[in-house]
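The next block holds one structure in the form of structure tokens; read it before the comments.
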Amino acid sequence: MKQFLDQLSEVTGAAFEKAGFDAALGKVGVSNRPDLCEYQCNGAMAGAKKYGKKPIDIANAVAEELKASDTFSSVEAVMPGFLNLNVSEKYLAEFVRAQMAAERFGVDAPENPRTIVIDYGGPNIAKPLHVGHLRPAIIGESIKRIARYAGHKVIGDVHLGDWGMPMGLIITEIKERKPELPYFDENFDGEYPKEPPFTLAELEEIYPTASSKSKEKNEAGELTEQAKDYHARALENTRLMQEGLRGYRALLKQIVDISIPDLKENYRKLNVDFDLWMGESDVNDLIPAMVEDMKAKGHAVISEGALVVDIREEGDKKELPPCIILKSDGSANYQTTDIATILWRERELSPDHIIYITDKRQELHFTQVFRAARKCGIAKESTGLEFIGNGTINGADGHPFKTRDGGVPRLQYLIRDIEDRMYNRIRENEQAKGETPLPEEEAKETARMTALAALKYGDLSNQASKDYIFDVERFTASEGDTGPYLLYTMARISSILRKAKEAGIAPAAELPLPGNAAQKALYMDMTAFVRMIAEACSERAPHKVCAFLYQMANDMNSFYHETRILAEEDKQKQAGYLALIAAVHAMMSECIGLLGFEAPEKM
Ligand code: ARG
């Protein structure tokens with residue numbers, strides 16, 4: 001469906017033309033003085049020079065032409081040459097009716113749907129998900145859903161961190177503890193045990209232990225001899241694993257296999273779902289040939305013992321370090337696997353575009369990877385490579401969010417805390433209002449949904465690149481620009497519709513004409529849907545969906561507070577109200593789905 005503003009612009013443009021001016025001047029936007037009018041057109045000012053006329057004369061001429069159109073209920077030319085426009089109730093209602101009847105509320109499938117890969121997980125095997133993984137997951141999931149809704153083919157890939165030094169550290173620590181295992185016996189050529197030699201809980205302890213052993217310092221603040229030795233062994237074990245040592249590969253597979261179900265479960269709780277569960281290790285076999293090709297073409301050269309690609313480009317403001325493909329010991333690193341992953345994606349998925357979402361502190365890494373991949377002809381010219389760097393989640397002190405004891409908070413606990421808080425709030429509310437308590441299961445489920453909304457909306461309503469303060473009190477508030485506020489608004493609508501149904505009152509089959517300003521505001525909100533989706537998609541901006549929802553919720557509540565819906569005696573009016581709020585609910589539902597959460601029926 002054509003966007004509402006484009007339709008208004010078309011009508012206004014035709015009036016410009018009739019009055020003897022260029023139709024392109026008729027561009028209409030939302031009014032920036034809502035106290036004066038709903039929409040406005042500034043084309044007369046833009047055209048004044050070209051036509052050698054006073055803007056107000058042009059505006060008056062156009063206003064004269066527009067008087068005949070039934071699109072606007074009022075058209076006013078005001079000094080110095082603005083056109084102040086109010087849309088007619090009939091035109092508005094017809095647009096929204098068509099929109100409600102259309103698939104996806106009028107969002108048309110694109111002429112050229114694109115294949116987009118979104119790489120937005122990045123959890124590291126054997127390390128529990130922590131607060132740092134939250135933003136890429138939440139933002140990526142929403143960008144994925146929005147792009148899909150806009151009609152593109154979108155593939156989400158988790159891109160597990162399962163290949164670098166952390167794996168070498170884990171192998172080193174397991175070897176330290178159980179050197180007798182067959183994985184470490186070079187002469188072993190039988191089948192390795194099916195059961196891994198550790199539980200998930202053990203694994204989660206092994207990595208931090210190994211990591212701190214490799215970093216242990218003495219009083220002077222220098223690495224201890226043991227730490228140096230441990231680190232060297234871990235490095236060597238990483239290399240051996242990457243080279244394909246049979247026992248290490250078998251061990252790696254067990255580490256990955258035991259971690260994935262747990263990761264999946266954690267992402268499921270966040271309503272985050274990946275189409276591909278590929279990891280860095282999956283592209284390992286592509287690396288040798290890829291490196292040979294880079295060398296043969298002269299793009300990769302030896303520098304200080306390492307194999308590197310010079311990625312400097314003319315016009316760079318600062319000197320960028322080369323992209324290291326193989327370290328001096330011959331091992332691949334984080335850049336190498338990311339470049340090989342581009343190779344794999346080009347071959348297997350032929351994407352038009354690849355989007356990466358991680359912490360913005362990884363920007364240099366992606367600049368190196370993108371440039372090296374292009375220079376070496378691995379990423380096609382036509383394949384877009386885009387990095388979206390998210391800001392950090394800070395605590396009240398403005399520093400990256402920490403637990404009370406200074407650790408990095410585990411995602412699981414963070415979510416559980418918010419759920420508990422929401423659960424208590426539900427029970428308190430029931431008591432305060434003297435309502436019959438929800439059955440335990442339902443109360444828990446409602447708490448879960450509300451907590452997720454609080455968490456995700458708290459994140460997504462900020463621009464991805466900005467840091468924000470993790471303020472649980474504010475995120476979980478039922479008033480203000482929060483997830484729970486939206487859900488309360490929706491639950492309010494559900495409750496009215498439910499009560500109407502119980503009383504045998506059906507919503508009108510067709511949306512009525514808006515009867516007053518509050519209703520009109522809701523219709524106007526709805527007209528912005530198609531444009532909002534287009535912008536949220538092209539700008540990768542879930543916060544635009546948030547702003548749309550918040551405006552709609554506010555207008556819904558204004559309408560609710562000034563309207564007696566269930567007590568309305570005029571049955572036709574009442575049925576119209578019900579149709580209107582049902583439409584609002586449907587649209588809000590669709591939008592929160594794009595943000596990655598859902599609404600309970602009751603709250
Ligand atoms: N595992 C990485 C980390 O924890 C993030 C991976 C992001 N995605 C990528 N393709 N590099 O830092």
Side-chain angles (χ1 to χ4, degrees), residues 116-141 143-144 154-170 204 207-208 211 238 242 252 255-256 259-260 262-263 266-267 272 274-284 286-287 290 323-325 332-346 348-349 351 353-374 378-379 383-393 400-401 408-411 464-465 540:
I116 304 172
V117 174
I118 308 192
D119 178 321
Y120 66 102
N124 297 311
I125 289 296
K127 290 201 248 177
L129 285 179
H130 60 77
V131 66
H133 294 112
L134 191 60
R135 294 209 74 193
I138 292 179
I139 298 166
E141 181 69 20
I143 290 180
K144 182 187 80 181
V154 192
I155 305 160
D157 185 3
V158 72
H159 199 74
L160 294 173
D162 59 357
W163 197 234
M165 182 71 169
M167 298 299 119
L169 282 164
I170 294 168
E204 286 179 352
Y207 175 73
S211 171
T238 309
Q242 293 185 351
L252 173 71
I255 299 173
V256 172
S259 301
I260 286 183
D262 181 58
L263 285 171
N266 274 291
Y267 279 120
V272 170
F274 297 98
D275 306 291
L276 293 179
W277 277 81
M278 303 278 296
E280 294 169 350
S281 69
D282 288 308
V283 294
N284 182 58
L286 301 179
I287 292 178
M290 179 182 91
C323 179
I324 299 179
I325 306 296
N333 67 5
Y334 186 37
Q335 279 86 336
T336 326
T337 47
D338 259 325
I339 297 173
T341 303
I342 295 181
L343 180 70
W344 185 88
R345 287 175 181 159
E346 285 282 16
E348 304 295 325
L349 310 172
H353 202 80
I354 310 177
I355 300 176
Y356 296 80
I357 303 159
T358 65
D359 191 301
K360 65 184 173 194
R361 286 169 288 190
Q362 294 204 19
E363 180 159 18
L364 174 61
H365 165 78
F366 284 102
T367 304
Q368 291 177 316
V369 168
F370 293 173
R371 285 188 180 188
R374 284 234 192 276
I378 291 166
T383 307
L385 298 173
E386 177 178 353
F387 171 60
I388 299 177
N390 61 264
T392 45
I393 303 181
F401 191 68
V408 184
R410 275 176 78 151
L411 210 49
S465 61
R540 329 265 184 249

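First listed ligand is number 1; within each ligand, the first listed atom is number 1.
Protein heavy atom closest to atom 12 (O) of ligand 1, with residue, atom name and distance, is Gln362 NE2, 2.8 Å. Closest to atom 8 (N) of ligand 1, if we only count protein heavy atoms, is Asp119 OD1, 3.2 Å.
Note that the CZ atom of Phe401 and the OG1 atom of Thr392 stand 12.0 Å from one another [nearest 0.5 Å]. Distance CD1/Ile260 to OH/Tyr267: 11.5 Å, rounded to 0.5 Å. Atom OG1 of Thr358 is separated from atom CZ of Phe366 by 4.5 Å, given to the nearest 0.5 angstrom.
By the salt bridge (Lys or Arg N to Asp or Glu O under 4.0 Å) test, Glu363 pairs with no residue at all, sequence neighbours left out.
Residue Tyr356 has at least one heavy-atom neighbour below 4.0 Å for each of these atoms of ligand 1: 10 (N). Of all atoms in ligand 1, numbered sequentially from 1 with element shown, those under 4.0 Å from a heavy atom of His159 are 8 (N), 9 (C), 10 (N). Listed by atom number, the atoms of ligand 1 under 4.0 Å from Thr358 heavy atoms are 7 (C), 8 (N).
With a 4.5 Å cut-off on side-chain heavy atoms, Ile378 and Glu346 do not count as touching. A 4.5 Å side-chain heavy-atom check between Trp344 and Leu349 finds at least one atom pair inside the cut-off.
In terms of N/O distances under 3.5 Å, ligand 1 is approached by Tyr334. Geometrically, ligand 1 and Asn124 share a nitrogen or oxygen pair separated by less than 3.5 Å. At least one N or O atom of Gly122 sits closer than 3.5 Å to an N or O atom of ligand 1.
Neither the backbone nor the side chain of Tyr120 comes within 4.0 Å of ligand 1, counting heavy atoms alone. Residue contacts with ligand 1, taken as heavy atom pairs separated by less than 4.0 Å, involve Asp338 solely via side-chain atoms from C-beta onward.
A side-chain donor-acceptor contact under 3.5 Å links Asp162 to the backbone of Glu280.
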